[in-house]
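Here the structure comes first, spelled out in structure tokens, and everything after it is commentary.
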Amino acid sequence: MSARSLKTALGAVCGALVLLTAAPGSASAATGQFRYTYTTVEGYEAVGFLNDPASGECINLRGPSSEPGSASRAPKNHTRSTATVFLGADCEGDVYYVLPPGAGAGDRLLMRSVVFS
């Protein structure tokens, strides 16, 4: 093998290694913040948020003091990913709404879970 061939092969290997280390893994995140409003057991309005939530995983929304099963509302998707919010827990059911990056909805949109793509 000539010196020139060896340099070319070495360059290709180094380039491949750079691409492998720069590519995102399977555990990627929706960069940014997702906000929502909920009512506490005491009746106070509160804001919940998810910072850099995992992509492709269903997240059930509940405020720290809210009653189990109560719905959250008024989502604001400040992530770089599309958020799909569901009225049902565990991202199940026929009632859902898609929020592109930067979009939000009002108090009438109720939700119990979200998944980011």
Side-chain angles (χ1 to χ4, degrees):
M1 185 181 268
S2 70
R4 185 175 183 162
S5 300
L6 187 57
K7 283 183 181 179
T8 303
L10 185 58
V13 169
C14 289
L17 285 174
V18 168
L19 286 175
L20 285 175
T21 58
S26 61
S28 61
T31 305
Q33 188 177 74
F34 181 81
R35 292 177 174 247
Y36 58 96
T37 304
Y38 64 95
T39 304
T40 66
V41 174
E42 295 83 17
Y44 297 108
E45 296 293 308
V47 175
F49 55 89
L50 304 170
N51 289 320
D52 300 327
S55 294
E57 294 179 23
C58 182
I59 302 169
N60 287 323
L61 300 173
R62 252 190 320 191
S65 300
S66 66
E67 293 182 33
S70 65
S72 300
R73 61 192 176 284
K76 306 289 185 256
N77 183 16
H78 297 294
T79 71
R80 293 184 183 165
S81 299
T82 298
T84 304
V85 297
F86 292 81
L87 180 57
D90 302 320
C91 298
E92 294 182 355
D94 294 337
V95 181
Y96 63 90
Y97 190 82
V98 178
L99 293 167
D107 282 342
R108 294 196 301 173
L109 180 63
L110 302 178
M111 62 196 170
R112 288 183 174 82
S113 57
V114 61
V115 64
F116 296 89
S117 57

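Below, all heavy atoms of this structure are taken into account, side chains as well, without hydrogens, waters or symmetry copies. Residue numbers count from 1 along this sequence.
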Side-chain contact test, heavy atoms from C-beta onward, threshold under 4.5 Å: evaluate it for Thr79 versus Leu50 and give yes or no. no
Between Asn77 (side chain) and Pro100 (backbone), is there a donor-acceptor pair under 3.5 Å? yes
Of all heavy-atom pairs linking Ser113 and Gly88, the shortest is OG-O, 2.6 Å
In Å, rounded to the nearest 0.5 Å, how long is the span from CZ of Arg35 to NE2 of His78? 6.5 Å
List in chain and number order the residues that pass side chain to side chain contact (heavy atoms under 4.5 Å, CB included) with Glu92, two or more places apart in sequence or in another chain; answer none if no residue qualifies. Asp90
Is there a chain of hydrophobic side chains (I, L, V, M, F, W, Y, each step under 4.5 Å between heavy atoms) that links Ile59 to Phe86? no
For Pro53 and Gly32, work out which heavy atoms get closest and say how close. CD-O, 3.9 Å
Verify the cluster assignment for Tyr97 and Tyr36: are they in a single hydrophobic cluster under the rule of side-chain heavy atoms below 4.5 Å apart? yes
May I have the step-by-step check of side chain to side chain contact (heavy atoms under 4.5 Å, CB included) for Val114 and Thr84, ending in yes or no? CA-CA 6 Å; Val114 61; Thr84 304; 6.0 Å; no
If you take all heavy atoms of Ser72 and Tyr38, which pair is closest and at what distance? OG-CB, 4.0 Å
For the CG atom of Asp107 and the CZ atom of Arg73, what is their distance to the nearest 0.5 Å? 5.5 Å
Side chains of Glu45 and Thr39: donor-acceptor distance under 3.5 Å anywhere? yes
Option among Leu99, Leu61, Thr37 that satisfies the side-chain contact (heavy atoms from CB on, under 4.5 Å) test with Pro75: Leu99
Using every non-hydrogen atom in the two residues, find where Val115 and Cys58 come nearest and quote the distance to one decimal. CG2-N, 4.2 Å
Please report whether the ring centroid of Phe34 lies less than 6.0 Å from that of Phe116. yes
From Glu57 CD over to Cys91 SG, what is the distance, rounded to the nearest 0.5 angstrom? 10.5 Å
Connecting only ILVMFWY residues whose side-chain heavy atoms lie within less than 4.5 Å of each other, what is the rest of Val95's hydrophobic cluster? Leu87, Leu110
Say whether, by atom type as modelled, one donor and one acceptor occur between the side chain of Lys76 and the main chain of Ala103 under 3.5 angstrom. no
Restricting to side chain to side chain contact (heavy atoms under 4.5 Å, CB included), what partner residues turn up for Asp94, sequence neighbours left out? none
